[in-house]
Amino acid sequence: WLVRFDAFDDVSLINPIKNSGLPQEVGLLLEITPKLTDQSQVKYHQSASWHSAGSIFLSGYSPQDRKKLIDKSFATFKTTFGFYPRSVGAWWIDAQSLEYMQRKYDITGALIVADQYSTDNYQIWGQYWGMPYYPTKINALTPAQNVADRIPVVISQWAARDPVNGYGSGVEESTYSVQANDYIDYHQLDINYFSKLIDIYTKQPYNSYGFVVVGLENTYSWDKYQTEYGLQLQTLVDKRRSGQLSIVTLNNFNNWYIERYPNISPKQIIIADDPLGTTKKTVWFMNPYYRAGWFANNEGSVVRDVRQYLPSQKELCYDTSCTSINFATFATRVLDDVTYHQRKVIDLGPITDLRFANNESFDLSYKNAAGVARSVRFLPRDIALDQKISSIDTFILEAVQTSPVTTQSGSEINGSLKQSLVGQFGRMGIFTIFVLVAFLIPGLFLTNKIFTATTPLSVRVMTSLVSGMMIFTLVSFAAGLI
């Protein structure tokens, strides 16, 4: 359970958790509310919505106020449950807050949302794709490259995305996730899709472990999703019985991770066939120095994402309050098909004979549409295409310079058309008001006495408009002389 501050005095919620007698973990949901700010002697940042980034996240407040909010939350949690939480969560938690909670309260892990570009108006973008990592002391989205710069807190992700279909700019893509409400409401998918995503994250052949977080947001209707959530739990139990996975609390996993990887995070490789059943494939390669996303899709063999992790790059809102969270356009040294519509097309057309090898580098090889053997190698700090090895900087620069022109997708065209129509109607409305105020009304006032009751309305309007334009022209000319 991740429990928010407002729920601590609600015995109908707290008592069942405290008295369940089941193996479970209770953690802290760090969403900021008026009740929490009031009891912390912090001014609440009112905005258009309670879940706007400037209101609900710690990063919406000054670093000094973040500490007050954290201290009050932890103190009340301990009064309620008798201990401090070891796990915390929110859609976003900044690095400064994470380090403070680790030093003062010894938290072991934090659950934030998986990559999403525009969903909920939170742009959380660029971390390990779906897998845990240690963050740096100045950027919660950047994996640490050494112990000195590391916060010893394991970052894990809520609503892990489909590695093939979840990379994109809108709700359409981010709702390809393990969340029941996502794949039901937006894509009319079922438990079979969920099962395939669990297999993707827990049956990777080149990782030392698999991992995924499964849960349900309580803001959604329990009546609507309880059946599907029950099927999810049964699916997990069945896979546990088969020996595929273990079901553990977040703190237990965090402790295991910290013991297994006492220094920095290991490289992670996600290989995925399309769970929707198409021929598309994706490979996500991640280590503390960069992440890369390779796609075999309708275009061909394409590297759509390369992001160099810079340990000196301080996150947005680290030492100041922010009203929004927009990490995609903040990053430098990136190849980002979603943000900038730039990608590296290696081969056009379908590929065959796809193979993998994992040693010091992770290698993928295939034959292109012409039957020519090609290879992509992800080295610790470089990328090689066939025999050409490039630094991450060089690879990104060359890819950006040679990236093909991107045509708009149907959804983008529809969005642009809607924005265009709204803009045109808005400008038309402004022009209409201008004509009424500047031409018609003065013209009516001037010509009112020269018409009779039988004068047609069209004649009155046209005469008044012409008269009004003449008055406007004369006044403008006189004003120019003055």
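Numbering starts at 1 and runs along the sequence shown.
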Aromatic contact, Tyr176 with Tyr186 (centres under 6.0 Å):
no
Does either side chain, that of Lys104 or that of Tyr100, offer a donor lying less than 3.5 Å from an acceptor on the other one?
yes
Tyr128 vs Tyr133 aromatic rings, parallel, tilted or perpendicular, using cut-offs 30° and 60°?
tilted
Go through Gln127 and Asp115 one step at a time and tell me if the side-chain hydrogen bond (donor to acceptor under 3.5 Å, both in side chains) criterion holds.
CA-CA 7 Å; Gln127 59 192 314; Asp115 265 23; 3.3 Å; yes
Is the distance between the ring centroids of Tyr309 and Tyr290 less than 6.0 Å?
no
Do Arg304 and Phe295 meet the cation-pi criteria used here (NZ or CZ under 6.0 Å from the six-membered ring centre, within 45° of the axis)?
yes
I'd like to know whether the aromatic ring centres of Tyr201 and Phe211 sit less than 6.0 Å apart in this structure.
no
Is the ring centre of Phe77 less than 6.0 Å from the ring centre of Phe83?
yes
Aromatic contact between Phe327 and Trp92, with the criterion being ring centroids under 6.0 Å apart: yes or no?
yes
Report yes if the distance between the aromatic ring centroids of Trp125 and Tyr167 is under 6.0 Å, otherwise no.
yes
Are the side chains of Tyr105 and Ile70 in touch, meaning some heavy atoms are under 4.5 Å apart?
yes
Apply side chain to side chain contact (heavy atoms under 4.5 Å, CB included) to Asp106 and Arg86, showing your working.
CA-CA 7 Å; Asp106 198 28; Arg86 303 301 303 281; 3.3 Å; yes
More than 12 heavy atoms of other groups within 6.0 Å of Glu360 CD:
no
Using a 6.0 Å cut-off, check whether atom NZ of Lys67 has over 12 heavy atoms from anything other than its own residue.
no
Aromatic rings Phe81 and Phe8: how do their planes relate, parallel, tilted or perpendicular, breaks at 30° and 60°?
perpendicular
Examine Tyr225 together with Tyr229 and report whether their ring centres are nearer than 6.0 Å.
no
Would you please classify the geometry between the Tyr209 ring and the Phe253 ring as parallel, tilted or perpendicular, with 30° and 60° separating the classes?
tilted
Does any non-hydrogen side-chain atom of Thr175 lie less than 4.5 Å from one of Asp185?
no
